[in-house]
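Everything on this sheet refers to the single structure shown next.
Whatever order the structure lists them in is the order used to number ligands and atoms, beginning at 1. Positions are given from 1 along the sequence.
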Amino acid sequence: MHKKLFIPGPTEVREEILQAMATPMIGHRTTAYAELHQRCEEKVKKLLSTQARVFLFTSSSTGVMEGAVRNCVAQKVLHTLNGEFSRRWFEISKANGLPADILEVPPGQAITPELVDAKLAEGGYDTLCLTYNETSTGILSPVPEVAKLVRAKYPDVLILVDAVSCMAGVPIHFDEWGLDVVLAGVQKCFALPPGLAVAAVSSRALERARTIPYRGYYFDFIENEKFAARFNTPATPSISHLYALDKEMDFMFAEGLENRYARHLAMAEHCRAWARKHFALYGDERYASPTVTHITNTTGFDFGALNKELGKRGATISDGYGPFKGKTFRIGHMGDLTLADVQWLTAQIDDILGLR
Ligand SMILES: *Cc1c(COP(=O)(O)O)cnc(C)c1O
């Protein structure tokens with residue numbers, strides 16, 4: 001039996017999208033491909049309220065995280081850490097030999113404008129990395145406010161945002177907020193199979209990239225820009241994913257972006273209320289994520305046994321990530337899941353654990 005995915009990625013993929021992935025293949029140096037690529041780019045631009053370039057990368061999000069720092073960091077990058085995914089980005093910079101510092105807060109806390117201001121004031125930074133939704137802790141940091149501060153006080157600092165687990169689940173206004181790179185894999189809130197990542201890149205970021213001699217090869221923004229200008233990619237893309245993205249974005253706009261964001265929030269609110277009633281919500285509740293709810297296992301139930309029983313009923317949820325394994329658990333409510341789906345899920349857990 002298929003287990004419905006209530007995990008923070010990959011997420012449940014609807015039947016129409018599985019069908020779209022099976023569309024017969026075309027060559028990627030054809031007009032038909034360029035038209036498909038252009039449609040996808042325009043739809044992602046609309047989603048992010050931007051006129052900036054949008055790249056379609058055949059890779060997981062991690063690849064683009066690496067590409068972003070390689071293309072943007074000329075002097076020194078400040079990584080903001082509040083969990084395992086933001087830590088990964090810092091590890092990536094280190095693995096590339098880039099000068100990198102960290103601003104770290106305990107897990108469950110958010111990265112705030114005040115903290116960023118104090119650290120950037122030390123000087124020497126030309127790039128800031130932010131993790132919008134830290135999936136390992138279920139915390140959505142106030143990126144619009146941080147960006148506003150940075151744009152006002154540190155005009156030369158590029159703002160790079162990992163929006164992997166919230167793009168298409170919360171609003172992102174790339175141009176208005178003054179962001180320079182925002183990236184996401186499509187296996188989370190886009191509800192597509194894993195293997196494609198999208199990124200908006202500002203002209204400021206492209207200018208910076210032109211000054212950097214060794215940007216790497218596959219994710220070289222300048223080389224990708226040359227091809228993107230004619231709606232193409234340097235290497236063969238996952239064309240199947242573009243068919244799927246093109247179609248899924250039609251579903252998104254048919255629902256309405258505001259409705260989509262409200263649906264994510266409604267699912268989150270249901271999960272939070274349920275978590276407070278039976279367990280405890282992890283972390284600073286003011287920044288609780290709209291796409292994944294992180295819950296402390298206060299009663300010490302056997303998570304593996306619960307998930308096994310849920311599996312028999314056709315669903316699966318996530319254990320705590322990394323250091324949280326066994327101590328917390330996470331319910332992903334992103335993509336095309338509905339309020340009815342999460343209500344059904346929590347009712348199943350109530351039944352299995354005998355919660356009332
Ligand atoms: C899932 C996730 C990643 C990693 O994405 P991949 O597509 O597996 O590389 C990075 N950052 C965040 C915040 C995530 O949720």
Side-chain angles (χ1 to χ4, degrees), residues 5-13 44 55-70 77 79-93 95-96 102 104-105 107-111 128-143 146 159-170 172 179 181-200 216 218-219 237-238 241 244-245 264 268 282-283 287-294 317-324 328-335 337:
L5 300 176
F6 292 89
I7 63 176
T11 52
E12 197 60 22
V13 179
V44 177
F55 292 134
L56 308 171
F57 289 112
T58 296
S59 86
S60 74
S61 328
T62 305
V64 191
M65 290 161 77
E66 180 157 31
V69 288
R70 289 206 64 158
V77 54
H79 281 277
T80 51
L81 270 60
N82 62 340
E84 295 305 305
F85 287 102
S86 43
R87 182 177 311 283
R88 177 185 293 188
W89 213 355
F90 171 57
E91 299 293 339
I92 290 170
S93 283
N96 281 281
I102 58 169
E104 185 166 13
V105 298
Q109 303 298 308
I111 302 295
L128 170 69
C129 286
L130 299 168
T131 302
Y132 199 171
N133 190 61
E134 182 37 90
T135 319
S136 68
T137 60
I139 293 291
L140 188 84
S141 283
V143 163
V146 174
I159 307 171
L160 280 41
V161 180
D162 166 349
V164 179
S165 59
C166 63
M167 185 189 293
V170 303
I172 296 179
L179 306 180
V181 176
V182 65
L183 64 97
V186 297
Q187 79 276 21
K188 299 203 177 168
C189 299
F190 284 81
L192 297 176
L196 187 80
V198 303
Y218 190 70
F219 295 100
S238 173
H241 272 98
L245 177 63
H264 279 81
Y282 183 90
Y287 301 105
S289 167
T291 61
V292 54
T293 296
H294 190 203
I317 62 175
S318 276
D319 203 342
Y321 189 94
F324 296 109
T328 65
F329 61 103
R330 294 172 301 159
I331 299 176
H333 31 78
M334 50 180 87
L337 291 176

With a 4.5 Å cut-off on side-chain heavy atoms, are His264 and His333 touching? no

Sort out for me which residue in Val164, Ile139, Asp162, Leu81 forms a side-chain contact (heavy atoms from CB on, under 4.5 Å) with Thr131. Asp162

Does any N or O in the side chain of Arg330 come within less than 3.5 Å of the main-chain N or O of Thr135, such that one atom is a donor and the other an acceptor? yes

Can you sort out the partners of Leu5 under side chain to side chain contact (heavy atoms under 4.5 Å, CB included), two or more places apart, ordered by chain and number?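 Applying side chain to side chain contact (heavy atoms under 4.5 Å, CB included) to Leu5 gives Ile7, Glu12, Thr316.
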
Between ligand 1 and the protein, give all atom pairs where both partners are nitrogen or oxygen and the distance is under 3.5 Å, as lines of names plus distance to 0.1 Å.
residue, atom, partner, partner atom, Å
ligand 1, 5 (O), Ser61, OG, 3.2
ligand 1, 7 (O), Ser61, N, 2.9
ligand 1, 7 (O), Ser61, OG, 2.6
ligand 1, 7 (O), Gln187, NE2, 2.8
ligand 1, 9 (O), Ser60, OG, 3.0
ligand 1, 9 (O), Ser61, N, 3.2
ligand 1, 9 (O), Thr62, N, 2.8
ligand 1, 9 (O), Thr62, OG1, 2.5
ligand 1, 11 (N), Asp162, OD2, 2.7
ligand 1, 15 (O), Thr135, OG1, 2.4
ligand 1, 15 (O), Lys188, NZ, 2.7

Tell me if the centroids of the rings in Tyr321 and Phe85 come within less than 6.0 Å of each other. yes

Could you label the plane-to-plane angle of the Tyr282 and Phe324 rings as parallel, tilted or perpendicular, counting under 30° as parallel and over 60° as perpendicular?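 Geometry flag for Phe324 against Tyr282: perpendicular rings.
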
